[in-house]
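Single-structure report; data block below.
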Amino acid sequence: MGNLERALHLREKKEFEKSNRMLLDLAKQNPGDAVIQYQCAWSLDILGLEVKAVPYL
């Protein structure tokens with residue numbers, strides 16, 4: 001299982017903050033990956049941080 005899959009699995013288990021930390025790291029490491037950027041935005045939205053999600057869309 002890769003890091004993206006792990007982060008999404010954590011989100012499924014409602015471990016939103018852990019998932020978000022992983023996705024933020026992945027987004028920094030992969031700025032051109034649209035799927036990771038989208039998942040990162042989604043994770044921020046779940047945490048109520050919609051304004052911070054905008055750059056990842």
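With a 4.5 Å cut-off on side-chain heavy atoms, L44 and E50 do not count as touching. In this structure, the side chains of R11 and Q39 come closer than 4.5 Å at one or more pairs of heavy atoms. For the pair L24 and C40, the minimum side-chain heavy-atom distance is below 4.5 Å. For the pair W42 and I46, the minimum side-chain heavy-atom distance is below 4.5 Å. Looking at heavy atoms from C-beta onward, S43 lies out of side-chain contact with L47 at the 4.5 angstrom threshold. For the pair K13/H9, a side-chain contact is recorded, criterion being any heavy-atom separation below 4.5 Å from C-beta on.
In plain terms, the two heavy atoms of L23 and I36 that are nearest each other are O-CG2, 4.4 Å.
Of the inter-residue distances, the one linking M22 atom CE with N20 atom CG reads 11.5 Å to the nearest 0.5 angstrom. In this structure, CZ in R6 is found 13.0 Å from OG in S19, a value given to the nearest 0.5 Å. A distance of 14.0 Å separates OH of Y38 from CG of D33, quoted to the nearest 0.5 Å.
For the pair N30 (side chain) and L26 (backbone), a donor-acceptor distance under 3.5 Å is present.
Note on Y56: it does not cluster hydrophobically with V35, by side-chain heavy-atom contacts below 4.5 Å among ILVMFWY residues.
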